Amino acid sequence: MSATIPNIPGLASARRYQIPAESLQCGMFVTELDRPWLDTPFLLQGFLVDSQIELDTLRRYCRYVYVDLDLSGAHVAEAIRKAELGSTPFEHADAPADDAPLPLETAAPEERRTRHAAPSRPVRIRSDVKISSQTRERFRRFIKATAVASEASQTRPSLFGRTFDWLRSMTGHANARDEMRALQADSHSAIRSQLPPEMKLRRYADRAPVEEELPRAREAFGRGSQVLDALMADVRSGRVPNVQEVGRAVDDMVDSMIDNPDALMWVARLREEDHGTYQHGVKVGLYLVALGRHLGFPRRDLAHLGMIGMLADVGKTRLPRALLDKPGMLTPSEHNVVKEHVRLGLEALTQSVALAEPVMQGIAQHHERLDGSGYPKGLKGEEIGIYGRMAAIADSFAALVTARPYANASAPQDALMNLYEWAGTSFHEPLVEQFVQSIGIFPVGSLVELSTGEVAVVLAHNRVRRLEPRVLVLTTPEKTPLGTPFERDLLTRPKDREHRPIRIVRGLAAGAYGLKLRDYYAGQLAAEAEPLA
């Protein structure tokens, strides 16, 4: 059945609609779920619903989904468009408000046309339309508060003391300081209660500027990638993996991260564009070490976190490749096979050495979710340990910001807001907040748009004010690439032509405007980040 889609003035050709799961129909192209894709049998992110089995599965896992009209059947698209003119069960997913924080890059018409070229493996154009207005507002308030709190920590014993003063002055609420202090105390208490009582937390300070740390960071990342490649090959072929060698590589990465985490994050971002050497596990390990460093974990525990990230998905090498690359929905039996990668990985790894208990926990639980919807055991709440909770957050974030053959990368801010949206159900909310602070709202290596219209890449964080990093400007305000990029430190409050302070107005997804870091940065940082010979 097909129908002509009426020409409705003002209706954007690529609008997405939020559809209750019970109202789904065959012929709808689902682009987003109300939960992480990895928590469902739909491993391919974006697909055309064409069977009752898919409808039943979506209704079992989701309360609502997002549908793309361009890729849906004509009769379904017509029904949804007509619903916009009347009162129907379909709910239109409005675009973010004009004052939403950190608006994100959306799909260009050229990208949407690309998706039609390969219907068996459509590209998911990620956007923030599924982020609720409540989440955006909560995220905005949190970022503002932590940015000021970071500045306050330079001059006051309490990390959050001046944050409360700021909120009180902005709102006129006499008790704002006490209320915010109580909220932060609750957050830290919630995390501390998950840690062993004997663990002594410490505060880390950068020991070297990012430029000085880059050579060691480059070497540590290269070695980590090499040993992980070798371990994966061993597991794939049935040989006993050399876990001790991975441990030594993790030690090198932890040492570099302790001295200055920005250096390794920068190297990882440059190497991410080199798909032949990029390793998902290495990046998850770096995110986990960054989170642990921010929380003040002892060095031994930072090494445990690095090992979890490196080894969590080793078991996937023992799954059929065709199953991992399947373009459609997995059957229940196939989904059960994929879930086995956790057990298979632990079995392979323990042939070589007895893993430390925190490492075992993190690997075993990195797909568990607080609401019991995860796997392999369907653990709930307090049944999931601190290492499992941390691994779930880092692994999900790394997956969101990584480009796949069938899915564009999210902008980091979009991915962080996704974590916020799922906090309290899938993820531990206090840990999500600490994760945002640990990697920064504008992670090193991420693309941003400045208030001048220029596009820049974040080079290093300013520890005093988190929203004012050092950046490398790559384009003119018209987005024309510069022949010679230049640095700008936003902490110094540089001014535009109207004498207004230059600031970051939004984060961009990797590859926005066709920019590749290797093409635009031929200076010292890029040279240090070249792959090992």
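Every value quoted in this text rests on a predicted model; they were computed, and no experiment measured them.
Proximity of a side-chain donor or acceptor of Arg269 to a complementary backbone N or O of Gly445 within less than 3.5 Å is detected. Within the 3.5 Å criterion, the main-chain N or O of Met257 finds a donor-acceptor partner in the side chain of Arg293. No donor-acceptor pair under 3.5 Å is formed between the side chain of Ser23 and the backbone N or O of Ile19. Side-chain atoms of Ser396 do not come within 3.5 Å of backbone N or O of Ile393 as any donor-acceptor pair. Checked by atom type and distance alone, the side chain of Ser352 never pairs as donor or acceptor with a backbone atom of Leu349 at under 3.5 Å. Here the side chain of Glu368 pairs a donor or acceptor atom with the backbone of Leu379 at under 3.5 angstrom. A donor-acceptor distance shorter than 3.5 angstrom exists from the side chain of Arg59 to the backbone of Leu24, with no hydrogens or angles considered. For Arg236 (side chain) and Thr317 (main-chain N/O), no donor-acceptor pair under 3.5 Å exists by modelled atom type. Judged by distance alone, the side chain of Ser438 and the main-chain N or O of His294 form no donor-acceptor pair under 3.5 Å.
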Before giving the answer on side chain to side chain contact (heavy atoms under 4.5 Å, CB included), spell out for Ser426 and Leu370 the whole-Å C-alpha distance, their side-chain angles and the decisive distance to 0.1 Å.
-> CA-CA 5 Å; Ser426 291; Leu370 293 184; over 6 Å; no
Evaluate side-chain hydrogen bond (donor to acceptor under 3.5 Å, both in side chains) for Gln194 paired with Glu382, printing each intermediate quantity in order.
-> CA-CA 9 Å; Gln194 301 290 317; Glu382 296 301 318; 2.9 Å; yes
What's the verdict on side chain to side chain contact (heavy atoms under 4.5 Å, CB included) for Met360 and Thr350, showing C-alpha distance, side-chain angles and the deciding distance?
-> CA-CA 9 Å; Met360 290 282 289; Thr350 52; 4.0 Å; yes
For Phe297 and His304, what are the C-alpha separation, side-chain angles and deciding distance, and is it a side chain to side chain contact (heavy atoms under 4.5 Å, CB included)?
-> CA-CA 10 Å; Phe297 278 25; His304 291 334; over 6 Å; no
Hey, mind stepping through Val457 and Trp266 against side chain to side chain contact (heavy atoms under 4.5 Å, CB included) and telling me if it holds?
-> CA-CA 10 Å; Val457 60; Trp266 174 259; 3.8 Å; yes
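Annotation: the span from Phe427 atom CZ to Ile384 atom CD1 amounts to 10.0 Å, rounded to 0.5 Å. Note that CG of Leu431 is 4.5 Å distant from CD1 of Ile386, once rounded to the nearest 0.5 Å. Met310 contributes atom CE, which lies 7.5 Å from atom OG of Ser225 (distance to the nearest 0.5 angstrom). Taking CE of Met28 as the start and CD of Glu54 as the end, the distance is 13.5 Å to the nearest 0.5 Å. Distance check: Ile439 CD1 to Gln434 CD gives 12.5 Å after rounding to the nearest 0.5 Å. Note that CD of Gln437 is 10.5 Å distant from CG of Leu291, once rounded to the nearest 0.5 Å.
Side-chain contact between Met307 and Val243: present, with at least one pair of heavy atoms (C-beta onward) separated by less than 4.5 Å. Using a 4.5 Å heavy-atom cutoff, the side chains of His341 and Tyr375 are in contact. Residues Val342 and His366 meet the side-chain proximity criterion, which asks for heavy atoms closer than 4.5 Å. A 4.5 Å side-chain heavy-atom check between Pro197 and Met199 finds every atom pair outside the cut-off. Contact annotation: the side chain of Ile441 approaches that of Gln413 to within less than 4.5 Å [non-hydrogen atoms, C-beta and beyond]. Within the 4.5 Å cutoff, no side-chain heavy atoms of Val67 are placed close to those of Val49. Proximity of Ile191 to Leu295: side-chain heavy atoms (C-beta onward) are separated by under 4.5 Å at one or more points. Taking the side chain as every heavy atom from C-beta outward, Asp252 and Arg248 never approach each other to under 4.5 Å.
Side-chain contact, Tyr387 with Gln361: no donor N or O sits under 3.5 Å from an acceptor N or O. Checking Asp395 against His367 by side-chain atom types alone, no donor-acceptor pair falls below 3.5 Å. With no hydrogens or angles considered, no side-chain donor-acceptor pair links Tyr17 and Asp68 at under 3.5 Å.
A salt bridge links Arg299 with Asp251: the closest approach of a Lys/Arg side-chain nitrogen to an acidic carboxylate oxygen falls below 4.0 angstrom. A salt bridge is absent between Glu429 and Arg389: the closest approach of a Lys/Arg side-chain nitrogen to an acidic carboxylate oxygen does not fall below 4.0 angstrom.
Nearest heavy atom pair, residue Ala217 against residue Leu264, reads O-CD2, 3.5 Å. Nearest heavy atom pair, residue Gly292 against residue Leu305, reads CA-CD1, 3.7 Å. Closest approach of Val436 and Leu416 over heavy atoms only: CG2-CD2, 3.9 Å. Across all non-hydrogen atoms, the minimal contact from Ala249 to Val227 is CB-CG2, 3.6 Å. Annotation for Phe29 and Ser72: closest pair N-OG, 2.9 Å, computed over non-hydrogen atoms. The nearest pair of heavy atoms linking Ile308 to Ala391 is CG2-CB, 3.8 Å.
Every pair tested for salt bridge (Lys or Arg N to Asp or Glu O under 4.0 Å) that includes a residue from residues 370-380 fails, sequence neighbours excluded, so the list is empty.
Under the 30°/60° scheme for interplanar angles, the aromatic rings of Phe435 and Tyr287 are found to stand perpendicular.
Judged as a side chain to side chain contact (heavy atoms under 4.5 Å, CB included), and not counting sequence neighbours, the contacts of Asn336 are Lys339. Applying the salt bridge (charged side-chain N to carboxylate O under 4.0 Å, His left out) rule to Arg239 yields the partners Asp234; only residues at least two apart in sequence or on another chain are considered.
Of the residues listed (Leu346, Leu231, Val250), the one engaging Leu311 in a side-chain contact (heavy atoms from CB on, under 4.5 Å) is Leu231, and it is the only one.
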